[in-house]
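So you know, we letter chains A, B, ... as the sequences are listed, proteins then strands, and number each from 1. Keep in mind it's a predicted model, so treat the numbers as computed, not measured. Heavy-atom basis, side chains included; hydrogens, waters and symmetry copies ignored.
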Number of protein chains: 2
Amino acid sequence: MSVPKFAQIKEFILENIQSGEWQENDRVPSENELTSQFQVSRMTARRALSELTDAGILTRSQGQGTFVASFKSQSSLLEIKNIADEVKARNSNYSCTILVMESISAIAPIAIALGVEVDSHVYRSVIVHNENEQPLQVEERFVNPALAKDYLQQDFHSLTPHEYLSQNAPLTEARHTVEAIMPNQEMCEWLNLYNEEPCLQVIRRTWSSQGIVSFARLVSPGSKYRLGGHLTFKK
Amino acid sequence: MSVPKFAQIKEFILENIQSGEWQENDRVPSENELTSQFQVSRMTARRALSELTDAGILTRSQGQGTFVASFKSQSSLLEIKNIADEVKARNSNYSCTILVMESISAIAPIAIALGVEVDSHVYRSVIVHNENEQPLQVEERFVNPALAKDYLQQDFHSLTPHEYLSQNAPLTEARHTVEAIMPNQEMCEWLNLYNEEPCLQVIRRTWSSQGIVSFARLVSPGSKYRLGGHLTFKK
DNA sequence: CAACTCATCTTGTATATACAAGAAAATTAT
DNA sequence: ATAATTTTCTTGTATATACAAGATGAGTTG
């Protein structure tokens with residue numbers, strides 16, 4: 001047996017999720033439905049669903065069924081995701097200022113990071129995220145236009161770029177680096193920094209099944225922002 | 001049935017690991033052994049082992065058996081762990097300089113972070129980790145003496161503090177914060193920084209089942225060190 | 001109409017069984 | 001003694017079966 005049956009069923013489910021066919025909170029086939037679709041025993045179908053549930057990709061509820069998990073519950077480092085939620089969770093006022101929305105010609109490093117040809121057009125946005133009207137983070141983002149045609153037409157006051165992108169091209173992979181930098185003058189203005197101070201910079205590249213979606217640079221003043229991580233061994 | 005059998009077996013295994021009874025890479029009972037010990041079917045014993053394996057706590061190998069996983073393979077952010085390995089993986093020369101090894105009286109913030117009484121004695125060490133004889137990271141660590149009596153007698157040239165501690169009091173939980181700071185003068189000297197530059201500071205607190213083990217502060221120059229993270233959705 | 005009961009669909013737990021395949025030790029043959 | 005074979009122990013895959021328990025809607029009863 002080259003590839004086990006339970007693994008085939010897992011792949012089938014993952015493909016449907018990654019293609020966007022099954023969205024967040026959608027119901028996936030029940031154990032009995034998979035049993036007849038794939039001509040396997042219930043225990044085999046169950047194994048596929050259980051393992052994807054343990055991996056955080058599905059959620060199950062006795063009596064109701066099995067559903068595609070929401071991406072929020074994904075993983076530790078990706079908590080660096082939605083700064084709007086983070087601010088609201090602190091009972092602070094969230095707002096954002098959109099500084100740049102444009103289509104530019106990709107110079108070499110950006111083209112390479114996005115996996116497109118040099119001098120081809122890519123989208124660029126610069127957004128300042130505020131907590132109680134004070135700048136907290138600058139988000140500079142370069143987007144592969146092939147995977148998000150309407151990017152420049154979005155209103156990012158109501159929906160963050162990350163939310164928009166993950167709805168249009170379900171992401172399958174993300175890579176981060178975190179470093180400490182000294183902001184340049186432009187960045188100081190954006191962040192309203194009168195005295196120079198070190199900043200935390202997160203670079204994030206995200207992939208979908210069709211390729212690299214976007215490349216973001218998130219810069220926050222060291223005095224106002226820190227990253228948290230938490231690990232438990234047990235359970 | 002209040003608590004399922006497979007869950008009881010999982011607890012049994014976890015307790016043995018957390019107590020230090022079963023160390024890294026030790027063998028755990030086979031499916032058949034658990035079957036007779038707990039009077040369950042092989043499938044139930046198997047479920048306990050499989051789920052702990054999926055959780056990264058055990059590793060299994062067909063024909064050989066099931067073993068306690070090494071903590072290296074634990075999780076994404078904990079990769080911030082062993083800087084010695086990181087340097088060696090880059091084919092660079094690793095060395096370290098031990099600056100301080102002492103027993104001090106805990107001032108309030110340190111006592112609170114360690115969960116001990118103010119003015120009680122705690123251990124403190126300061127170590128500089130070098131890559132090719134250049135300072136890469138300063139590790140300042142405060143240790144709860146109740147959980148690591150021989151801490152000051154160790155030779156940390158051969159064994160890192162983290163390795164020593166996790167052998168003596170198996171860790172069950174870790175919490176990190178990452179931030180960007182400007183180093184003070186003492187830190188600049190330790191890191192050999194002539195010009196001020198922003199640094200990445202990681203604060204890590206680690207727990208064992210008996211309480212807070214230690215509290216570490218890891219500082220690296222922004223120009224020489226960055227943190228990496230990687231997330232995959234698939235599989 | 002409202003409340004209750006019941007049938008049905010869902011996931012959850014547990015067992016007994018069968019065969020496959022990798023690894024290592026014991027046995028046998030050279 | 002060494003090499004090849006066999007046995008045994010391990011995990012891996014797959015099925016059929018049984019009963020428990022949560023959720024939901026249909027039908028019955030008051």
Side-chain angles (χ1 to χ4, degrees), chain A residues 1-17 21-70 73 234-235, chain B residues 1-17 21-70 73 234-235:
Chain A
M1 175 169 309
S2 51
V3 47
K5 293 183 183 178
F6 78 91
Q8 289 178 32
I9 300 176
K10 284 175 75 172
E11 268 182 55
F12 166 75
I13 294 170
L14 282 171
E15 279 167 17
N16 275 284
I17 297 177
E21 186 70 25
W22 300 343
Q23 301 269 339
E24 283 183 51
N25 296 1
D26 277 3
R27 224 189 121 184
V28 308
S30 72
E31 295 175 1
N32 287 323
E33 286 165 347
L34 289 172
T35 293
S36 53
Q37 273 184 49
F38 284 87
Q39 290 290 300
V40 296
S41 73
R42 189 193 145 204
M43 292 304 287
T44 301
R46 176 175 181 73
R47 179 170 178 184
L49 292 174
S50 296
E51 290 190 3
L52 290 175
T53 301
D54 290 344
I57 292 167
L58 303 177
T59 59
R60 316 194 77 185
S61 163
Q62 195 170 8
Q64 284 190 278
T66 307
F67 306 86
V68 178
S70 54
S73 57
K234 185 167 184 178
K235 155 88 199 176
Chain B
M1 173 170 308
S2 50
V3 45
K5 292 183 182 177
F6 78 91
Q8 290 177 31
I9 300 176
K10 284 174 75 172
E11 268 183 55
F12 166 76
I13 294 170
L14 282 172
E15 279 167 18
N16 274 285
I17 297 176
E21 186 70 24
W22 298 344
Q23 300 268 341
E24 282 181 52
N25 297 357
D26 278 3
R27 223 190 121 183
V28 307
S30 71
E31 294 176 1
N32 287 323
E33 287 164 347
L34 289 173
T35 293
S36 52
Q37 273 183 49
F38 284 86
Q39 290 290 299
V40 295
S41 74
R42 189 192 146 205
M43 291 306 286
T44 301
R46 176 176 182 73
R47 179 169 177 184
L49 292 174
S50 296
E51 291 189 3
L52 291 175
T53 302
D54 290 344
I57 292 167
L58 303 176
T59 60
R60 317 193 74 187
S61 162
Q62 194 170 10
Q64 284 191 279
T66 307
F67 306 85
V68 179
S70 55
S73 56
K234 186 164 182 177
K235 157 92 195 171

Selected nucleotide, minimal atom distance to Arg27(B) side chain, candidates dT10(C), dA14(C), dT10(D):
dT10(D)
Met43(A), nearest nucleotide to its side chain (from dA14(D), dA16(D), dA20(C))
dA16(D)
What's the [atom1]-[atom2] distance between [X] and [N], to the nearest Å?
X        : N       : atom1 : atom2 : value
Leu58(A) : dG12(C) : CG    : P     : 11 Å
Leu34(B) : dT11(D) : CG    : P     : 9 Å
Arg46(B) : dT15(C) : CZ    : C1'   : 15 Å
Phe67(B) : dT11(D) : CZ    : P     : 9 Å
Leu49(B) : dT11(D) : CG    : C1'   : 10 Å
Glu31(A) : dT13(C) : CD    : P     : 11 Å
Gln39(A) : dA14(D) : CD    : P     : 15 Å
Gln62(B) : dT8(D)  : CD    : P     : 19 Å

NA contact type, Arg47(A), heavy-atom cut-off 4.0 Å: base, sugar-phosphate, or nothing?
sugar-phosphate
[X] side chain near [N] phosphate (N/O to OP1/OP2, under 4.0 Å):
X        : N       : value
Gln64(B) : dT11(D) : no
Arg42(A) : dA16(D) : no
Asn32(A) : dT10(C) : yes
Ser61(B) : dG22(C) : no
Thr66(B) : dT10(D) : no
Thr44(A) : dT15(D) : yes
Ser41(B) : dA14(C) : no

Which heavy atom in Ile9(B) sits nearest to a heavy atom in Ala45(B), and how many Å separate them?
CD1-CA, 4.2 Å
Assess whether one donor atom and one acceptor atom, taken from the side chain of Arg60(A) and the base of dG22(D), lie less than 3.5 Å apart.
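It does not, because no donor-acceptor pair links the side chain of Arg60(A) to the base of dG22(D) below 3.5 Å.
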Report yes or no: does Gln39(B) contribute a side-chain atom to a donor-acceptor pair with the main-chain N or O of Ser36(B) at less than 3.5 Å?
yes
Before giving the answer on side-chain contact (heavy atoms from CB on, under 4.5 Å), spell out for Val28(B) and Val68(B) the whole-Å C-alpha distance, their side-chain angles and the decisive distance to 0.1 Å.
CA-CA 7 Å; Val28(B) 307; Val68(B) 179; 3.8 Å; yes
